[in-house]
J.: 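Take a look at the following structure, please.
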Number of protein chains: 2
Amino acid sequence: MTDEQRLDWLRLIRCENVGPRTFQALVKQYGNPQEALAAVPSLARRGGATGSARICSRAEAEREIKAARSAGVSLVALGEPGYPWRLQMIDDPPPLIAVRGHLPVLERPMVAVVGARNASAAGIKLAGRLTRDLGEAGLVVVSGLARGIDAAAHRASLATGTVAVLAGGHNRIYPPENVELAAAILAHGAALTEMPLDHEPRAHDFPRRNRLISGLAVGVVVIEAARRSGSLITTRLALEQGREVFAVPGSPLDPRAEGCNSLLKQGATLVTEAEDVLAVLRPILGQPLERSMQEPNAQSEPIAPAPPMPEPQLEPGGDERTRIVQLLGPTPVSIDDLVRLAGRSPAVVRIVLLELEVAGRLQRHGGGLVSLV
Amino acid sequence: MTDEQRLDWLRLIRCENVGPRTFQALVKQYGNPQEALAAVPSLARRGGATGSARICSRAEAEREIKAARSAGVSLVALGEPGYPWRLQMIDDPPPLIAVRGHLPVLERPMVAVVGARNASAAGIKLAGRLTRDLGEAGLVVVSGLARGIDAAAHRASLATGTVAVLAGGHNRIYPPENVELAAAILAHGAALTEMPLDHEPRAHDFPRRNRLISGLAVGVVVIEAARRSGSLITTRLALEQGREVFAVPGSPLDPRAEGCNSLLKQGATLVTEAEDVLAVLRPILGQPLERSMQEPNAQSEPIAPAPPMPEPQLEPGGDERTRIVQLLGPTPVSIDDLVRLAGRSPAVVRIVLLELEVAGRLQRHGGGLVSLV
């Protein structure tokens, strides 16, 4: 990928209302990020954006790339060598990831270890023991750099390789108490995020980040998790992504075991030692698991951009747009149903959806579902 | 059943070397306990008993029946009304059970709750909570009157109905600290055993007793159990009997959770509250579970004795006996294989096995397997 192409990718994903799914849809429609970028202002206007939708300027993107370079952060694009193979396969992979540290670690098979921030001493001890054994068996350990279980998991795998996935930018490590740990991780491991260098993480960035934790990993191990905790969000995403889910049991009298016990009731694999995880992962990864092992397609060619759809510049009529908007609501509906009910061509429906999306009025869900915001 | 018949049943099962499986085989061969009793001395002699095999005399049996009656203990025979329906269905049901207390409790659906003697405070608390809820849902709670989990389970179900299964006789309650608890159980529940009134329980009586705990119940709930504990023996027997197995999870760092976590890895249902048990048992027992509910066949007719086999008095030749004994060893073999390899009629093999059994030289296992002692 040329520097110029990387600049276009960055500008497009940094546009207001453009997330990973919209990025995909735009590139599919216009053939490449450059063409998509040119179409965004008119799409947003037709979609009913209030005011002018903020486009990321060339200068802004150049500044971000320069700042990243001087901070030792690489921007790796989807499909480039070095982009983690499994992450590429999820429904909504980030078009660009910002990686700092020892990059080859991202090409090895990974397992996520996550859990409660307010972990018990027993939970911390178990996290250390399990993670150390998983690391020694050849797996890279992914976690979220949070207090408690996450931090214990990173610490126990510093020597064997660990990856911290951040909810904010590389310059905004959260929580601040883990800044030193984050630095230690970079020696044999890496930190990565899809956010700009100076992005301050907000509440909704954490669940969004969790899809990357599960997306990087073959499976997710949960140690101590209360009901309705972030760790359970990660396991839900893991299941959607087809990842294995593991949980460490605990006493029914311990509130920190509620989440794990409930995962076990739903069919998660019970874990008391690393071997319980390895027994499930070995057949998926192939024998033997070794420190030097790489994911099968880690060195594959970049994904070629899809050929552009016909009539990328097609502009739907006002009545077509009205009809399609009327069919939409807050409840997610499938795009296929929308095409059928609107009696319009898929190309027209697709463009109207992009207009609404770029105008910040539409949300894409998994499985081809969309809803009005 | 007449008093005279009950006397014969008691005499036969109290004979030396006659356990529940031998009792069954003898009655099958000779048509009824009276005829079987008459055959025992000659069978034992031919089987090579050293000294004379001890036959229970009429006077001894009469004394036991009289002592039981004055202690308020009923001897209920297999197939009589009042004999627990599910226990009747196991591979090796006791021909007679000695029951004290509130007999109708045995006709209601039961669940076993068992666990560690050296239970933790948390385990005791959980046992109390789970058992109380199971009792209130209409289930009778069976356990082994041991210290720890067993005692907690009985205590929490005194009002709703509980059954203590003893390893010794009714006059030898073990452990002595639970004598008062045993007395309290009788008000709304019952104590039962297959042993004579004054039998002092020995180590091997406990695993033997455990088959009755699981045999009485629709399912067995294990709370805290170490590796290689009696509770795990009970669950193994429960699985052989086709009973449901439930386990309460615990921390991998707690040695008292090892047994339960290992059961869960093997597929036991995870339990944190009574509803987890009820959800599995309801479809088996039928809705709704009520305190007054009785097992479906509780009032069924006594099982009619099987018609006697042809030639009950058949006496195999010395060479036939030698050939069959040669084929036997300490490793259990199937009776079918024995018939085939010996080239003798099933009737002859059956008699030789009975001879060896009554002489104390043969052990019967489940599934038609036998071995030399």
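What you are looking at is a predicted structure, and each value in this text was computed from that prediction instead of being measured. Letters go in sequence order (proteins before strands), and every chain restarts at 1.
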J.: Which residues in residues 117-129 of chain A have a heavy atom less than 4.5 Å from any heavy atom of chain B?
T.: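 So far as heavy atoms go, A/Ala122, A/Lys125, A/Leu126, A/Arg129 are the residues that approach chain B to under 4.5 Å.
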J.: Nearest 0.5 Å, please: how far is CD in B/Glu273 from CG in A/Asn261?
T.: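 Here the interatomic distance stands at 10.5 Å.
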J.: In residues 245-259 of chain A, which residues are in contact with chain B at a heavy-atom separation under 4.5 Å?
T.: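 Interface residues of residues 245-259 of chain A: A/Val248, A/Pro249, A/Gly250, A/Ser251, A/Pro252, A/Leu253.
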J.: Can you confirm whether A/Glu177 is buried at CD, in the sense that more than 12 heavy atoms of other residues, nucleotides or ligands lie under 6.0 Å from that atom?
T.: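 Above 12, so yes.
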J.: Atom CG in B/Leu264, atom NZ in A/Lys265: separation rounded to 0.5 Å?
T.: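 Rounded to the nearest 0.5 Å, the CG-NZ separation comes to 11.0 Å.
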